[in-house]
Amino acid sequence: MSMELTLDHDAVVRLCERIEGAQLRAHAIPKLTDEYPGMTIGDGYAVQLALRQRWLARGVRQLGWKAGLTSRAKMKQMGVDVPSIGFLMFDMFRSEGSEIGTADLVHPRVECEVAFVTKAELRGPGCTGADVLEATDFVLPAVEVIDSRFSGFKFDLPSVVADNGSSARFVAGGRARIAAELDLRTLGVVLEKNGEQVAMGASGAVLGHPAEAVAMLVNILHELGETLPAGSFVMSGGITEAVAVKPGDNVIARFQELGSVAMRFV
Ligand code: 0L1
Ligand code: MG
């Protein structure tokens with residue numbers, strides 16, 4: 001993955017403000033590469049870092065990270081071929097069973113993910129799925145609400161990385177379990193919307209094993225000069241395709257062994 005930087009500081013700040021404006025005012029913008037066709041994935045992460053620093057400066061705590069585009073289904077849906085990472089802040093979290101407002105979102109979609117909570121620091125390079133499992137305190141079921149800020153979902157990897165991997169909200173719940181007690185390659189998940197099954201899959205859709213996605217995330221963090229601290233909450237990537245939601249939709253994600261996570265969009 002090219003972490004080469006081509007944008008100068010002023011361009012990074014300008015693009016960060018454009019993304020932040022789109023996120024806060026819930027309006028769609030053209031992909032960033034329309035203006036900067038030479039923009040690299042490294043540039044995307046520079047914009048993402050500037051965005052995270054603004055969030056922290058507003059006094060919001062970071063809870064952890066998300067891996068994105070980690071399944072073939074998602075890569076195909078989005079026309080990209082490399083996974084990405086993004087940050088998760090406390091104000092993006094919604095508790096299980098809550099109502100999630102859509103007025104401040106552009107075109108939200110939901111996807112089911114296995115979340116990991118770590119008990120030891122993880123660092124790359126060379127972090128493996130086994131390292132992740134050793135450092136995992138517990139896993140739990142989660143739903144990510146993604147909301148690309150780009151018009152018509154037309155984007156490329158540098159743009160989506162700058163937009164924090166389209167992350168908007170996340171809901172965790174169900175039953176926390178010790179990872180070693182489960183087979184995380186074969187865990188079944190069914191996503192229901194208004195009582196109908198709209199997507200299903202098995203956790204192995206995420207790079208063969210969701211812990212591999214967390215290892216990948218740690219190795220990307222290393223390329224960005226960071227580590228994954230103990231106590232991090234990490235979403236390992238969508239198991240199924242993302243499903244669009246609108247006000248009035250009731251969503252429930254049922255995970256084998258891990259229980260279910262429900263929410264209502266208003
Ligand atoms: O969580 C993810 O897999 C990131 C998705 C980014 C692209 C999208 O908006 O669907
Ligand atoms: Mg996701």
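We count ligands from 1, going down the list as the structure has it; atoms in each ligand are counted the same way.
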Specify the closest pair of heavy atoms between [X] and [Y], including all atoms of both residues, with the distance to one decimal.
X      : Y      : value
Val206 : Ala213 : CG1-CB, 3.6 Å
Ala176 : Leu140 : CA-CB, 4.1 Å
Val261 : Pro141 : CG2-O, 3.6 Å
Ser167 : Arg149 : O-NH2, 2.9 Å
Ala215 : Val132 : N-CG2, 3.5 Å

Exercise. With under 30° as parallel and over 60° as perpendicular, where do the rings of Phe93 and Phe170 fit, or are they tilted in between?
Worked result: tilted

Exercise. CG of Leu157 to CD1 of Ile41: how many Å apart, nearest 0.5 Å?
Worked result: 4.5 Å

Seminar exercise, completed: One checks the Mg ion (ligand 2) and counts protein N, O or S atoms under 2.8 Å, reaching 3

Problem set entry | Neighbouring protein residues of ligand 1 - any heavy atom closer than 4.0 Å | Lys66, Gly68, Leu69, Lys74, Met78, Glu111, Glu144, Ile146, Ser148, Phe155, Val160, Gly165, Ser166

Exercise. Cationic tip of Arg52 within the cone over Trp55's six-membered ring, i.e. under 6.0 Å and within 45° of the normal?
Worked result: no

Exercise. Centre of Tyr36's six-membered ring, under 6.0 Å away, within 45 degrees of the axis: is that where NZ or CZ of Arg14 sits?
Worked result: no

